[in-house]
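The structure appears right after this line, and notes come after that.
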Amino acid sequence: MATVRVQEAPFALGEEVEAFASGRTDMGAVVTFTGVVRDLAQTDLDVMEIEHYPGMTERAIGSIVDEAVSRWSLGDALVIHRYGRMGPGDRIMMVATAAPHRVDAFAAAEFLMDYLKSRAPFWKKEITEDGAGWVAATEEDEAALTRW
Amino acid sequence: MATVRVQEAPFALGEEVEAFASGRTDMGAVVTFTGVVRDLAQTDLDVMEIEHYPGMTERAIGSIVDEAVSRWSLGDALVIHRYGRMGPGDRIMMVATAAPHRVDAFAAAEFLMDYLKSRAPFWKKEITEDGAGWVAATEEDEAALTRW
Amino acid sequence: MTLDVLYFAWLRERIGLSQERIETDALTVADLVEELRAREDRYALAFSDLSAVRVAVDQDLTEFDAPLANAREVAFFPPMTGG
Amino acid sequence: MTLDVLYFAWLRERIGLSQERIETDALTVADLVEELRAREDRYALAFSDLSAVRVAVDQDLTEFDAPLANAREVAFFPPMTGG
């Protein structure tokens, strides 16, 4: 039922959302989340490089999606996550959920995001004028898992 | 900063989301909600008719959006809400929020939805094979406001 | 005082009007409702259960005890079902 | 036992390898880490603070006391930063 895509290529956000939301006469609510590479003024980010663990990535995202489907009344879910090099403004990833009611669609999308942040094997490296550095995981992101 | 559109015409979801999410190098998170007309098997819905209060509608949505902007760190917000006749699968409305962080984008989108449900002057009428009836407001929707 | 009174959804259907202009000395929304109820059965019926009716004065949601001083437009409607 | 050992992100950079095949009798992940640490400084450095290291055995996230019986692939990496 759900779709998971891990890819290097960009994805067409508008087309993905349009396709995901189409023909759903039994689902009243569609929620999407899109993650965008930020260019913070103080760092002057040039490139974001995302490394992942081929094989485990698909497996880990699959488990996270299965868990979401078991917890909420969902009609469908979509996860697209890129790896490789990206620039400011590029879309890193997206999540979409369709449910009969908005509460389920929102909760499932937030759950997917919280788990993708800390439990899917991706690592972000920021390359700026001053050099390169791995993005550190935050306590905030780890703490976000405890609410589920 | 925010955009509010109340219109009879359909909107192009994919294009709206694409445009809303474009050029945001300072916003890491974009959340969208889309409301779709459901065709419940037991009712066999033919038409959904949405009535609104021109003037007050724009004003009420504007206040709700202002409140969201004052509560969360948002870069932008968009609300499109249709009125008039729609069929199963048609999109009734959409909300989009852009924020530096996902927590704000999600919270603001849910807040907007909860308030649009119960505080924006729209009334839905369902027209089925068996006749027509106004959709009743639910206690659940009213209760959803207390969490903010 | 001249007021534009608007009705939406089933209130509009029951009263059979979407809008009317009324001359009134009502001091509050509740006074205005009493005046309307006394007019005809269709008003009495529409306003028989006020817990099912919401009111806006000059396009701001308010309560039945709200004053009508300086008001130009009063709207009655059922609980909203947007989104 | 033959194990494929994978390193990601700064662990890969510090060790200078993304993958290697190792012959080992380690019973747990922790035993394997001790073996690696004893090999060379770059391993000792990469594994100096295990609170900053996560481990997956056969592509499932696990703990350092996890047994390696029947394992084929062990991966070490920092806390994940997806999304």
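In the text below, chain A, chain B and the rest are named by the order of the sequence lines, each starting its count at 1.
In this structure, no portion of A:Thr97 lies under 4.5 Å from any heavy atom of chain B. With a threshold of 4.5 angstrom between heavy atoms, A:Ala109 approaches chain B through its backbone and through its side chain. Residue A:Asp90 does not touch chain B at all, counting heavy-atom pairs closer than 4.5 Å.
Atom CZ of B:Phe20 sits about 11.0 Å away from atom CG of A:Leu13, to the nearest 0.5 Å. In this structure, A:Arg102 CZ and B:Asp141 CG are separated by 4.5 Å, a value rounded to the nearest 0.5 Å.
Chosen from B:Gly35, B:Pro100, B:Gly89, B:Gly23, the residue pairing most often with chain A at heavy-atom distances under 4.5 Å is B:Pro100. Most heavy-atom pairs under 4.5 Å with chain A, from the set B:Glu16, B:His101, B:Glu140, B:Met94: that is B:His101. In terms of non-hydrogen atom pairs under 4.5 Å with chain A, the most contact-rich of B:Met27, B:Arg24, B:Arg91, B:Glu15 is B:Arg91.
Below 30°, between 30° and 60°, or above 60°: for B:Phe106 and A:Phe33 the angle between ring planes is below 30°, a parallel geometry.
The environment of A:Arg71 atom CZ is dense: over 12 non-hydrogen atoms of other residues, nucleotides or ligands sit within 6.0 angstrom.
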